[in-house]
2 protein chains.
Amino acid sequence: MDATPRSKATRVTLRDVATEAGVSTATVSRYLNNQAALKPDTIREVERAIERLGYYPDLNARALATRRPSTLGAIIPTTENAIFAEGVEAMQSWLMARDIMLMTVSTRYNPDVEFEQVRRLVAHGVSALMLIGNARPEKTIQFIRSHNIPFCTAWSFQAESDNPQIGFNNFEAAYQMGEKLIGSGHRQIGIIGGVTHYNDRATDRIQGIRQCFADHGYPIDDDMVLETPYHPEDSAVALDHLLAKAPSLTAIFCGNDVLAAGALHRAHERGIVVPDELSITGFDDIALAKILRPQLTTIHLPHRFMGEMAAQALYDAVINHEPVKSLEIPFSIRDRGTLRKPD
Amino acid sequence: MDATPRSKATRVTLRDVATEAGVSTATVSRYLNNQAALKPDTIREVERAIERLGYYPDLNARALATRRPSTLGAIIPTTENAIFAEGVEAMQSWLMARDIMLMTVSTRYNPDVEFEQVRRLVAHGVSALMLIGNARPEKTIQFIRSHNIPFCTAWSFQAESDNPQIGFNNFEAAYQMGEKLIGSGHRQIGIIGGVTHYNDRATDRIQGIRQCFADHGYPIDDDMVLETPYHPEDSAVALDHLLAKAPSLTAIFCGNDVLAAGALHRAHERGIVVPDELSITGFDDIALAKILRPQLTTIHLPHRFMGEMAAQALYDAVINHEPVKSLEIPFSIRDRGTLRKPD
DNA sequence: CTGAAAGCGCTTACAG
DNA sequence: CTGAAAGCGCTTACAG
């Protein structure tokens with residue numbers, strides 16, 4: 001009758017279930033998608049067959065047939081940074097509850113890798129894409145747009161960008177931290193920021209703090225601004241440089257909490273008491289911030305919430321075929337133990 | 001001219017390319033898989049058509065047709081713990097270089113969720129699966145086995161398990177840390193471990209340290225052993241409990257670095273000097289370990305390496321249709337600043 | 001309520 | 001070297 005081609009993993013297919021149940025594949029399919037009302041008897045037969053055979057549908061084949069969304073993609077710089085890891089995990093949970101898979105890949109902050117990942121994910125059939133931030137070569141967004149794939153950027157919200165964004169205003173957050181520093185009496189500070197190359201979060205944070213100090217009449221010199229990778233050791237070295245150039249600095253604004261942790265650690269090694277002799281501020285409020293001594297004064301962001309909002313925005317866009325709606329996420333300053341007025 | 005673009009992406013298919021190039025789909029497909037030697041003219045035409053149309057293949061359709069592996073799956077407890085995040089990122093890089101996607105999902109340490117994720121991933125067509133540890137309801141592995149899907153467990157290596165494992169011996173590592181503690185003169189210690197329910201790493205670590213102390217004649221009382229979630233706050237509370245019950249403890253063995261960080265933080269808050277008045281040991285050697293003050297004495301594991309090895313083992317199994325080969329990964333103790341002989 | 005058939009985007013014997 | 005055709009595992013008008 002049927003010459004079944006032998007294949008390695010002998011998968012149980014819809015057809016097998018149909019045969020077993022003595023119905024057509026269409027009927028089994030209908031059962032699976034509980035479309036039409038099937039006859040109770042039929043339902044029972046199908047259920048028994050599925051049970052007996054241990055059948056489960058091939059989601060890729062289904063996606064091919066329906067062309068309905070089954071996977072979304074998230075491309076983040078690195079999973080090592082807890083903020084992205086948490087955000088993406090929240091996205092995943094949210095989507096999974098709606099039967100959609102999230103494919104997550106990372107770029108290690110390399111825009112070429114990011115482009116490559118976009119291509120891969122698109123080739124793998126993701127229905128929508130989340131990227132981090134707005135700074136990247138034009139071709140990346142062009143590629144996504146040309147393939148008509150809904151997307152949003154996240155962790156950054158810039159009025160000047162015309163990407164759909166689910167993020168927060170990094171510039172403004174840094175600016176407010178600046179006002180806090182100035183309010184506490186700091187006039188001469190150093191900056192240890194992330195590498196700004198193709199990283200708008202790092203860029204905005206540095207510009208925000210500088211703009212604030214400039215606006216208040218205390219412009220920050222270029223050589224008081226250092227960029228380093230997001231590693232504590234690099235930040236430690238940066239602190240040494242800053243202090244060598246300007247021993248009279250009273251505070252260090254750090255581009256994120258990891259950098260702040262590194263600076264804090266080095267300050268301690270040098271016998272500098274924080275915050276008595278030197279204030280240090282962070283950014284992101286990762287779990288680490290509350291474990292350090294003193295606890296970090298930093299900027300709190302609802303990373304999980306942001307992930308969920310991104311998931312929802314993409315989901316809505318994909319389901320309703322609407323454009324992705326932007327959303328600005330609020331931040332807040334957590335004033336803890338590393339900021340104090342200078343002597 | 002052409003119909004208005006549908007809201008849903010109108011995909012450029014192989015057939016479009018074939019038409020554009022004036023050849024059959026088989027020929028385009030052959031070009032893509034550079035199988036047979038095509039005529040140079042043909043190649044040029046196809047290349048031009050692909051270029052012109054911006055074609056890229058649908059990997060899911062290809063997977064359906066070839067039944068060759070295109071995705072693997074990794075199921076981890078949480079991406080919040082850097083050790084898994086790093087390991088999985090390393091896996092992903094390794095596999096991507098070989099044109100295979102890695103789908104990563106997390107379970108939040110819940111075995112029911114894990115089972116559900118296994119089903120999902122299998123339904124999504126992953127060719128192989130990596131799970132963390134060996135402790136889980138039987139049905140999970142049974143399900144995987146019954147579907148003929150190669151798999152391995154990781155981050156744990158237990159002689160008694162018959163799962164293919166790419167991991168390290170948690171019991172032995174904890175045992176060795178115990179010898180270090182005893183060698184330093186500690187006789188009465190407390191344990192703050194992870195929740196052992198369906199977590200063999202947490203279980204083995206606690207048993208390893210207890211066995212060691214028992215073997216040396218200093219058995220550890222049950223009420224000196226606390227289990228808590230992997231959060232610093234929980235660990236802080238645990239430390240309070242331990243010290244309330246036994247103020248004379250000279251050291252605390254923690255189930256991982258996060259727990260150690262929490263205990264360290266609380267010790268400081270209570271005015272206890274570490275390691276002078278109390279020693280604290282960690283496990284995992286995450287980045288945090290070197291930022292804390294003092295730096296954590298802990299157990300170092302090559303997480304990225306482990307991820308790569310797992311990727312390779314699965315890849316080999318899937319490509320060569322061989323059983324997955326187990327591999328025991330070595331660990332080493334990093335003696336830093338939180339362990340010292342008691343007064 | 002249910003089946004036969006066409007189709008989703010690919011690949012691959014089988015011929016020529 | 002290349003094409004026609006069957007097939008991968010599904011779904012869904014179209015009939016009845």
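Letters A, B, ... mirror the listed sequences (proteins, then strands); counts begin at 1.
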Worksheet item: Side chain of Glu328(B), backbone of Phe157(B): donor and acceptor closer than 3.5 Å?
Response: no
Discussion item. On the nucleotide dG9(C), are OP1 or OP2 found under 4.0 Å from the side-chain N or O atoms that Asn60(B) carries?
Written reply: no
Worksheet, complete the sentence: Among the nucleotides dT2(C), dC10(C), dT2(D), whichever has the atom closest to the side chain of Ala61(B) is dC10(C)
Response to the item:
Rounded to whole Å, the CG-P distance (Leu53(B) to dG9(C)) equals 13 Å
Item to complete: Return the nearest nucleotide to the side chain of Arg68(A); candidates are dC10(C), dC8(C), dT12(D).
Response: dT12(D)
Discussion item. Measuring from the side chain of Lys39(A) (C-beta onward, heavy atoms only), which nucleotide among dG3(C), dC1(C), dT12(D) has the closest atom?
Written reply: dC1(C)
Item to complete: Ignoring backbone atoms, establish whether Tyr55(B) has a side-chain N or O less than 4.0 Å from OP1 or OP2 of dC10(C).
Response: yes
Worksheet item: Closest to the Thr66(A) side chain: dG9(C), dT12(D), dC10(D)?
Response: dT12(D)
Response to the item:
Considering only heavy side-chain atoms of Ala65(A), the closest of dC10(C), dC8(D), dT11(D) is dT11(D)
Worksheet item: Between Thr153(A) and Asn163(A), does any side-chain donor sit less than 3.5 Å from a side-chain acceptor?
Response: no
Worksheet item: Reckon Thr27(A) has a side-chain N or O less than 4.0 Å from the OP1 or OP2 of dG3(C)?
Response: yes
Practice prompt. For Ile50(A) and dC10(D), give me the distance from atom CD1 to atom P, rounded to whole Å.
Written response: 10 Å
Practice prompt. Figure out the CZ/C1' separation between Arg11(A) and dC10(D), and round it to whole Å.
Written response: 10 Å
Discussion item. What is the separation between atom CG on Leu14(A) and atom C1' on dC8(C), rounded to the nearest whole Å?
Written reply: 15 Å
Worksheet item: Are Asp99(A) and Arg120(B) close enough for a salt bridge, meaning some N to O gap below 4.0 Å?
Response: yes
Item to complete: Could you check how far NE2 of His124(A) sits from P of dC10(C), rounded to whole Å?
Response: 13 Å
Worksheet item: Mapping Leu64(A) and Val28(B) onto DNA chain C by nearest heavy atom, which one lands closer to the 5' end?
Response: Leu64(A)
Worksheet item: For Glu45(A) and dT2(C), what is the distance between atoms CD and P respectively, to the nearest whole Å?
Response: 11 Å
Item to complete: Could you tell me whether Arg108(B) and Glu80(B) make a salt bridge, using a distance below 4.0 angstrom between a side-chain N and a carboxylate O?
Response: yes
Discussion item. Taking the nucleotide of DNA chain D with the nearest heavy atom to each, does Ala26(B) or Val12(A) sit closer to the 5' end?
Written reply: Ala26(B)
Worksheet item: Going through the checks in order, is the side chain to side chain contact (heavy atoms under 4.5 Å, CB included) test met by Thr104(A) and Thr104(B)?
Response: CA-CA 7 Å; Thr104(A) 306; Thr104(B) 307; 5.9 Å; no
Worksheet item: Considering every strand shown, what is the Watson-Crick or G-U wobble mate of dA4(D) when both distances are under 3.5 Å?
Response: none
Item to complete: Take atom CZ of Arg44(A) and atom P of dT2(C), then tell me their distance rounded to the nearest Å.
Response: 12 Å
Worksheet item: Would you say Thr13(A) reaches dG9(D)'s phosphate, i.e. side-chain N/O to OP1/OP2 under 4.0 Å?
Response: no
Worksheet item: Can you find a heavy atom in the side chain of Asn199(B) that is under 4.5 Å from one in the side chain of Tyr109(B)?
Response: yes
Worksheet entry | Shortest side-chain distance from Thr25(A), nucleotide among dC1(D), dT11(D), dG9(D) | dT11(D)
Worksheet entry | Out of dC8(C), dA13(D), dC8(D), whichever nucleotide has its closest atom nearest the side chain of Arg30(A) | dA13(D)
Worksheet item: Atom CG of Leu59(A) and atom P of dG9(D): how far apart are they, to the nearest Å?
Response: 14 Å
Practice prompt. Name the pairing partner of dA13(D), where a pair is Watson-Crick or G-U wobble with both distances under 3.5 Å, or state none.
Written response: none
Item to complete: Classify the side chain of Arg67(B) and the base of dG9(D) as holding, or not holding, a donor-acceptor pair under 3.5 Å.
Response: no
Discussion item. Judged by each residue's nearest nucleotide on DNA chain D, which is more toward the 5′ side, Ile43(B) or Arg15(A)?
Written reply: Ile43(B)
Discussion item. For dT2(C) and Thr42(A) - does any side-chain N or O of the residue sit under 4.0 Å from the phosphate oxygens OP1/OP2?
Written reply: yes
Practice prompt. Respond yes when some side-chain nitrogen or oxygen of Arg62(A) is under 4.0 Å from OP1 or OP2 of dG9(C), and no when none is.
Written response: no
Worksheet item: Would you say the side chain of Ile144(B) lies within less than 4.5 Å of the side chain of Val118(B), judging by non-hydrogen atoms?
Response: yes
